[in-house]
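Right, one structure below, let's go through it.
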Amino acid sequence: MAVKDELKALLEEHRREFLSGAEIAESLGCTRGAVWKAVESLRSEGYKINAVTNKGYCLEDTDILSEESIRAYLGKTEGLDITVYRSTDSTNIRLRELAEKGAPEGTVVIAGAQTGGKGRLGRKFFSPEDTGLYLSILIRPDMTAENAVRITTAAAVAVAEAAEEISGRQADIKWVNDVYMDGLKICGILTEASFTPESGGLEYAVVGIGINVYEPEGGFPDELKNIAGAVMKKRSENDRSRMAARVISGFMKYYRTLTENTFLESYRSRLIWKGEKINLISGNMITPATLIDVDEKCRLLVELENGEHKTISSGEISIRKQK
Ligand code: BTN
């Protein structure tokens, strides 16, 4: 095992305790210089290691997002190729590049921060460092465009279930793909697909999931303050890795049975604003309606003001509650 990995194990074993450089060097059978180099290398991976003169080194924060810790929570899931970046422009962009080069289904790109996180409808997705989880999963389903909405809705269910399991709080879904807790958005999903021109079938889809696991230090920026929330109230050990593992395995489980709609009951039971007045928003057009439910194709069922019932596919439409 490399000195870096041995040091990580030792510091994790003595979490929040100071160990002197000499103590560590003796225990690992290396020089103090090698200890310092290993500390620097772990820091560059995002580990927060405090160094204090006459006291030594101490691992402060143990919520580390790494392939190793994610795999530890994934258990025996096979066929996943996971890459974790400390920061990247957008995990969807990274994964689309891999998809175009022929990467197989089950390739996953994860980041602890994004400098160009993409949201739906051309918006940006706020992706600060150290508090969120940004992940994209590549799938190559044998499926028509019409059925593709199920991919996103299944992902929303996987996130809601993971967030509930880890936080013990209830998670709701706003059609089509936003996950909420206590009325605040904790996750957004952007699925980007490539279609085969001849058949119109899906060549691949990149399912991009952004989760606010913790509130950023200093809170969310003003424009998100009343909209965005976080899954966890306080930091705890490996929550982001646990969340990543739970979301990936939950999504893959539903994905394997996508056409059987195994996720639909869970989706419906979490759907917010049922029976309430909403606005359907498409560009500048706002249409008032009452939200009824979603159908078996995950289309939104609404009643318009003239009493007409309408079925809406996700496309460019978003919904907002009437004030
Ligand atoms: C939305 O709420 O509008 C969708 C947001 C989707 C954000 C995720 S974060 C991981 C992946 N990479 C991106 O650039 N976007 C998605």
Side-chain angles (χ1 to χ4, degrees), residues 65 70 80 82-100 103 107-139 148-149 151-160 162-163 171-181 183-194 204-214 216 220-221 223-231 240-241 243-248 250-251 270 272 281-283 298 314-321:
L65 196 54
I70 294 167
L80 293 171
I82 302 174
T83 304
V84 181
Y85 292 97
R86 195 171 173 200
S87 174
T88 189
D89 50 355
S90 151
T91 55
N92 269 26
I93 293 177
R94 289 278 80 76
L95 192 54
R96 286 191 78 162
E97 281 170 4
L98 296 175
E100 292 293 335
T107 305
V108 181
V109 173
I110 300 179
Q114 295 183 121
T115 51
K118 298 197 287 175
R120 274 184 83 216
L121 311 177
R123 296 186 195 120
K124 290 194 175 127
F125 189 74
F126 178 63
S127 313
E129 123 181 88
D130 221 24
T131 53
L133 169 65
Y134 315 103
L135 76 100
S136 302
I137 307 172
L138 176 64
I139 50 171
V149 65
I151 298 168
T152 303
T153 42
V157 173
V159 171
D172 306 307
I173 295 174
K174 188 191 103 178
W175 185 85
V176 56
N177 58 359
D178 290 340
V179 184
Y180 275 61
M181 280 179 146
L184 296 169
K185 176 168 165 174
I186 56 114
C187 166
I189 300 170
L190 173 68
T191 299
E192 296 185 283
S194 171
Y204 68 79
V206 164
V207 187
I209 302 170
I211 306 173
N212 307 322
V213 179
Y214 308 110
F220 287 99
E223 66 276 18
L224 295 177
K225 241 174 208 146
N226 301 319
I227 309 169
V231 177
R240 285 182 304 156
S241 293
M243 180 78 77
R246 184 63 184 77
V247 168
I248 296 166
F251 173 73
R270 293 187 161 80
I272 57 172
I281 301 163
S282 173
C298 301
S314 62
E316 298 287 284
I317 289 204
S318 56
I319 62 172
R320 226 165 272 161
K321 199 166 159 197

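Reckoned from all heavy atoms, side chains included, excluding hydrogens, waters and symmetry mates. We count ligands from 1, going down the list as the structure has it; atoms in each ligand are counted the same way.
The heavy-atom pair separating K118 from S90 by the smallest distance is CE-OG, 4.1 Å. Smallest separation of non-hydrogen atoms from M243 and A162: SD-CB, 4.0 Å.
Looking only at protein heavy atoms, the nearest one to atom 8 (C) of ligand 1 is G210 N, 3.6 Å. The nearest heavy-atom contact from the protein to atom 5 (C) of ligand 1 is F125 CD1, 3.4 Å. Summary of contacts: the protein heavy atom closest to atom 15 (N) of ligand 1 is K118 O, 2.7 Å.
Counting the atoms of ligand 1 from 1 in the order shown, those under 4.0 Å from a heavy atom of G119 are 1 (C), 3 (O), 4 (C), 5 (C). Heavy-atom contacts of G117 reach the following atoms of ligand 1: 14 (O) (cutoff under 4.0 Å). Near R120, the atoms of ligand 1 lying under 4.0 angstrom from a non-hydrogen atom of the residue are 1 (C), 3 (O), 4 (C). For ligand 1, the atoms closer than 4.0 angstrom to any heavy atom of S136 are 11 (C). Close approach of ligand 1 to T91 (heavy-atom distance below 4.0 Å) involves ligand atoms 10 (C), 11 (C), 12 (N). The distance from ligand 1 to the heavy atoms of K185 drops below 4.0 Å at these ligand atoms: 1 (C), 2 (O).
Of all the heavy atoms of S127, none lies under 4.0 Å from any atom of ligand 1, so neither backbone nor side chain is involved. Contacts of Q114 with ligand 1, taken as heavy-atom pairs under 4.0 Å, involve the side chain alone. Only the backbone of I189 comes within 4.0 Å of ligand 1, counting heavy atoms alone; no side-chain atom from C-beta on gets that close. Contacts between N177 and ligand 1 below 4.0 angstrom, taking non-hydrogen atoms only, are absent altogether.
A donor-acceptor contact shorter than 3.5 Å links the side chain of W175 to the backbone of C298. A donor-acceptor pair is defined here as one N or O able to donate and one able to accept, closer than 3.5 Å; such a pair exists between the side chain of K174 and the backbone of I319. Judged by distance alone, the side chain of N212 and the main-chain N or O of A228 form no donor-acceptor pair under 3.5 Å. In terms of modelled atom types and a separation under 3.5 Å, the side chain of Y134 and the main chain of P128 share a donor-acceptor contact.
In terms of N/O distances under 3.5 Å, ligand 1 is not approached by Y134.
Taking the side chain as every heavy atom from C-beta outward, T191 and N177 never approach each other to under 4.5 Å.
Within a 6.0 Å radius of CZ in R86, other residues, nucleotides and ligands contribute more than 12 heavy atoms.
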From CA spacing to verdict: side-chain contact (heavy atoms from CB on, under 4.5 Å), I139, F251: CA-CA 11 Å; I139 50 171; F251 173 73; 4.0 Å; yes
